[in-house]
Amino acid sequence: MFGKLTLDAIPFHEPIIMAAGAMIVLGGLAVAALLTVTHRWKWLWTEYLTSVDHKKIGIMYIVLALVMLLRGFADAAMMRTQQAVAVGPEQGFFPPHHYDQVFTAHGVIMILFVAMPFLVGLMNIVVPLQIGARDVALPFLNSLSFWLTAAGMLLTNMSLVIGEFAKTGWVAYPPLSELQFSPDVGVDYYIWALQISGLGTLLTGVNFFVTILRMRAPGMGYMNLPIFTWTALCTNTLIIVAFPILTVTLALLGLDRYLGMHFFTNDLGGNAMMYVNLFWAWGHPEVYILVLPAFGVFSEVTATFSEKRLFGYRYMVWALIAITVLSFIVWLHHFFTMGSGANVNAFFGISTMVIAIPTGVKVFNWLFTMYRGRVHFTPPMLWTIGFIITFSIGGMTGVLLSMPGADFVLHNSLFLVAHFHNVLIGGALFGYFAGLNYWFPKAFGFKLNERLGRWSFWCWLVGFYIAFMPLYILGFMGMTRRLQHYDNPEWQIYLIVAAAGAAVIAVGIGLMILQLFVSIRDRDLNRDYTGDPWNGRTLEWSVASPPPFYNFAQVPHVHGIDTWASMKAAGETVRVPDHYEDIHMPRNTAVGLVMGGFTLVLGFALVWHIWWMAGVGLLGAVAALIVRAMDDDTHYTVPAETVARIAKHQNLMAERG
C-alpha cells in the first residue's frame, strides 16, 4: 500500500539527522505557537498565503530563501568541519554515504532554493513598481509559481528525515544517478524536487517576460527601462529558453529509473555524455540567471548612492543582451576534460573568454558612476563595493579556467570550487543582500538597522576570503573535490583556516538575523513616511512605503530614463492627481496553495512508488486548476472614492514624515 516506504526509511540510528529533524519540527512548532498567541492565523491566511499581490508573493519568496540559506549554510559548515578533522586514519563525524548527501543537498539548496527564490522575490517586489504597473500580467500564475517552488523545497527537506537525498553531487551525472548505482530514493527526491520547483520557475519566467513587454507605463520604451528591469527581462528570457532543457533532461533520467529505458546508460545505445551536454546547456545559462539580477541591483544602488545617473546606460543594456546570447554557447567548458576534441574545446574556450568582455564592461560602468559622485557608504553600497572586488577575482580565475589546458589540471580540484563560490557568493548572493537592504523599506515601510547591516557585511566579506582563498591553494596542491577524508597532512592547516572562515560567515548570518529582529522591534524609529528614503531615481520610490495594494493611484507617464529623479528635479512630485478612477484588481485565491499541496503529495508518492497517492495528488491538482478555470469571479473593483481616501491618507503621512 505504501510502496517502498517503511519505518526503516527514517534513520533513527543517525543522531545528526535526527537532531536536525527535531530542530526543524521545533522551529515549526515555535512559529505556530507564535501565530496562535498573537492571533495572526487569519492575518497570515488573508495577507500572504492566499494573496496574489506581487509584493506579498515577493516577500514570501525572500522568506523562503532566507530560511533555506540557514539549511544550506549548515550543510556547508558541516562539510568544512568534517574536512578540517578527517585526515589520515581519522574519519571525522560523517560516514561517507551521509557526507555525499550533504554536499549534494548543499549545492541543490543554495542554487535552486536560496538564490533562485531570492532573485524572483526581488523581481516580484520591484519590477511592476519600476515599470509603472499595478500588478504582474498573470497574478494567479504568480501565486502558483511560488507554491510550486515551496513544494519542491519541502520535498527536498523531507528527504532529510524520510529516506535520503541523492549522493551524486548536485549535477547528478549518470551512471552514478542511474538505478544500478543509486537504487535508493535519493535521486528520485532530486528529480521530483527539481521538476516541481523548475516548473514554478518556468511559469515565473513567462509571467515576468509578458509583464515587462506588455505592462509598461505609457512612454516607457525599452531604452527607458530601469537597469534592474532590463536584467529581469534578460533573466526571464534565459529562464524561458533554458528551463525546458532541465525539464526534459530530468524526465529522460526519470524514464531510465522508472521504466528501465536507456537514454543515459551504455546499454542499448544510451550515452551518459548526452546527459552532461543537456544538463550544462541549462546549467550555464542558469549561472547568468542567478547573477544578472544582481548586476541590476548593483546598478540601481550605485546610481542612487553616488547621486548620479548610471554611467553608460546604453552600453550596459547592450552588454546585458550580449551576455544573454553568449551564455548559450559556453556550456561545454564544464567538461573540457571529457574528450570532445581540440577544436570543440578551443571554440568553447574562446567563447568563454569573450563573455568576460561584456561582464567586465559593467565593472567600469559602476566605477565611473562612482567617480566624482557623492558616494554614501550605506550597507547596500558596501555590498556593492565588496562585490566589485570579489567578483573581479572570481572572473579572473574563470578566465584562467576557460583555457582547456589549465582546466585539465584544475577542473576536479578545489580551485574550481573556490572560483564557483567566488562568483556566486561574491556576485549573486552579495547582490541579493544589497537588494534586501535597499528595497526593504519599500516593502515594509521601515529601514533595516544600518549599523548591524555594516557588521554583517564585514563578517561576510572577511569570512568569505578566509574560507575560500585557501581552497585556491589546495587546488594547486592537488586536492580534489568531494573528499570525505584525505591522507595528506599538509592539506589540513588550509582546511582548518577554511573552517574558521565559515565560522566568521556564521557570525555574519547571525548578525543578519539580529538586524532583522532589531529592525522589526524598532520599526517605529526607522519608519519611512516619504516613500523615498534613499533619494531614489526610479518609479518604485514615487509611491508610498509600503505601496498600496494597487501600486499607483494613477498610472504614471514616463519621459526618459530615471523618471522619478527627473520629476523631482522638475518639482513634479505631488502625488495628488486631478481625478481618480476605479481600479480593477485580482481577488485573493487559495487555489495556488491547494495545487502546491497536491503537487507535493504527488512528488512524495512518485519518490516512494505509492501509486494510489500519486493519483490523488495528480487528480487534486488538476481538479483545483479546473475549479479556478471555471471561476468567473476572479477580480473586483476598487471605487475611485476608496482610492482617493487611501491616497489622501498616504500624502498626509508623507507630509508629517
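Quick note: numbers below take in every heavy atom, side chains included, and nothing from hydrogens, waters or symmetry partners. No experiment lies behind these values; they were computed from the predicted model shown.
Contact detail for Leu511 and Cys459: the closest heavy-atom pair is CD1-SG, 3.8 Å. Closest approach of Ala232 and Val127 over heavy atoms only: CB-CG2, 3.8 Å. Residues Tyr465 and Pro470 come closest through the heavy atom pair O-CD, 3.8 Å. Nearest heavy atom pair, residue Pro441 against residue Ser545, reads O-CB, 3.3 Å. What you find for Trp366 and Thr302 is that their closest heavy atoms are O-CG2, 3.6 Å. For Ala303 against Leu310, the heavy-atom pair with the smallest separation is CB-N, 4.0 Å.
Within a 6.0 Å sphere centred on CZ of Phe364, heavy atoms belonging to other residues, nucleotides or ligands number 12 at most. Within a 6.0 Å radius of CE in Met223, other residues, nucleotides and ligands contribute more than 12 heavy atoms. Annotation: Trp458, atom CH2; neighbour count of heavy atoms from other residues, nucleotides and ligands within 6.0 Å does not exceed 12. Enclosure of atom CZ in Phe328 by more than 12 non-hydrogen atoms of other residues, nucleotides or ligands within 6.0 angstrom is indicated. Residue-environment remark: NE2 (His557) stays at or below the threshold of 12 foreign heavy atoms within 6.0 Å.
Residues Trp439 and Glu300 have side chains that never bring a donor and an acceptor to within less than 3.5 angstrom of each other. Counting only N and O atoms by type, the side chains of Tyr313 and Ser299 include no donor and acceptor under 3.5 Å apart. Inspection of the Asp522 and Asn449 side chains reveals no N or O donor paired with an N or O acceptor under 3.5 Å.
With hydrogens and angles ignored, the 3.5 Å screen pairs a side-chain donor or acceptor of Thr156 with a backbone N or O of Gly152. At distances below 3.5 Å, at least one donor-acceptor pair connects side-chain atoms of Thr324 with backbone N or O atoms of Leu320. Listed for the Arg71 side chain is no donor-acceptor partner under 3.5 Å among the backbone atoms of Met68. Side chain of Ser456 to main chain of Gly453: no donor-acceptor pair is present (N/O by atom type, distance under 3.5 Å, no hydrogens or angles). Between the side chain of Asp135 and the main chain of Met585, no donor-acceptor pair closer than 3.5 Å is present. A donor-acceptor pair is defined here as one N or O able to donate and one able to accept, closer than 3.5 Å; no such pair exists between the side chain of Thr304 and the backbone of Val301. Here the side chain of Ser402 pairs a donor or acceptor atom with the backbone of Val399 at under 3.5 angstrom. Between the side chain of Arg134 and the backbone N or O of Ala553 there is at least one donor-acceptor pair closer than 3.5 Å. Without hydrogens or angle criteria, Trp534 side chain to Tyr438 main chain gives a donor-acceptor distance under 3.5 Å. Here the side chain of Lys442 pairs a donor or acceptor atom with the backbone of Val543 at under 3.5 angstrom.
Taking the side chain as every heavy atom from C-beta outward, Pro117 and Met60 never approach each other to under 4.5 Å. A 4.5 Å side-chain heavy-atom check between Leu69 and Met110 finds at least one atom pair inside the cut-off. Leu129 is not listed as a side-chain neighbour of Leu539, based on a closest heavy-atom distance of 4.5 Å or more. Val297 places none of its side-chain heavy atoms less than 4.5 Å from the side chain of Phe387. Contact annotation: the side chain of Leu233 approaches that of Phe209 to within less than 4.5 Å [non-hydrogen atoms, C-beta and beyond].
With Leu290 as the partner, the side chain to side chain contact (heavy atoms under 4.5 Å, CB included) test is satisfied by one option alone out of Thr235, Leu429, Leu238, Leu424: Leu424. Asp562 pairs in a side chain to side chain contact (heavy atoms under 4.5 Å, CB included) with only one of the listed residues (Lys308, Arg309, Lys568), which is Arg309. Remark: of the listed residues Asp532, Asn535, Thr538, Asp532 is the sole one forming a side chain to side chain donor-acceptor pair (under 3.5 Å) with Trp564.
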TODO: Kindly determine whether His284 and Tyr288 satisfy ring-ring contact (aromatic ring centres under 6.0 Å, His included), including the steps that lead there.
DONE: CA-CA 7 Å; His284 202 80; Tyr288 290 99; 5.2 Å; yes
TODO: Evaluate the criterion ring-ring contact (aromatic ring centres under 6.0 Å, His included) for residue pair Phe391 and Phe295; output intermediate values, then yes/no.
DONE: CA-CA 11 Å; Phe391 189 80; Phe295 290 168; 5.5 Å; yes
Task: Step-by-step ring-ring contact (aromatic ring centres under 6.0 Å, His included) determination, Trp383 to Phe298 - done: CA-CA 9 Å; Trp383 286 112; Phe298 296 130; 9.4 Å; no
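A distance of 10.0 Å separates CZ in Phe440 from CG in Asn526, rounded to the nearest 0.5 Å. Atom CD1 of Ile561 is separated from atom CZ of Arg314 by 6.5 Å, given to the nearest 0.5 angstrom. With values rounded to the nearest 0.5 angstrom, His54 atom NE2 is found 9.5 Å from Thr211 atom OG1. Here CG of Leu119 is found 10.0 Å from CG of Asn124. Values are rounded to the nearest 0.5 Å. Within the model, atoms OG1 of Thr390 and CH2 of Trp460 stand 12.0 Å from one another, a figure rounded to the nearest 0.5 Å. Rounded to the nearest 0.5 angstrom, Asn437 CG and Leu448 CG are separated by 5.0 Å.
Here the two rings, on Phe305 and Phe377, have centers that are 6.0 Å apart or farther. Remark: aromatic rings of Phe118 and Tyr432 are close, center separation under 6.0 Å. Between Tyr48 and Trp43, the ring center distance clears the sub-6.0 Å criterion.
Counting only residues at least two apart or in different chains, salt bridge (charged side-chain N to carboxylate O under 4.0 Å, His left out) contacts with residues 209-221 are absent. Judged as a salt bridge (charged side-chain N to carboxylate O under 4.0 Å, His left out), not a single pair has a partner in residues 542-551 (not counting sequence neighbours).
Ring geometry for Phe468 versus His421: interplanar angle under 30°, hence parallel rather than tilted (30 to 60°). Under the 30°/60° scheme for interplanar angles, the aromatic rings of Trp230 and Tyr222 are found to be tilted. Using the six-membered ring where Trp is involved, Phe368 and Phe311 have ring planes that are tilted, between 30° and 60° apart. The aromatic rings of Phe444 and Phe446 lie tilted to each other, with the angle between the two planes from 30° to 60°.
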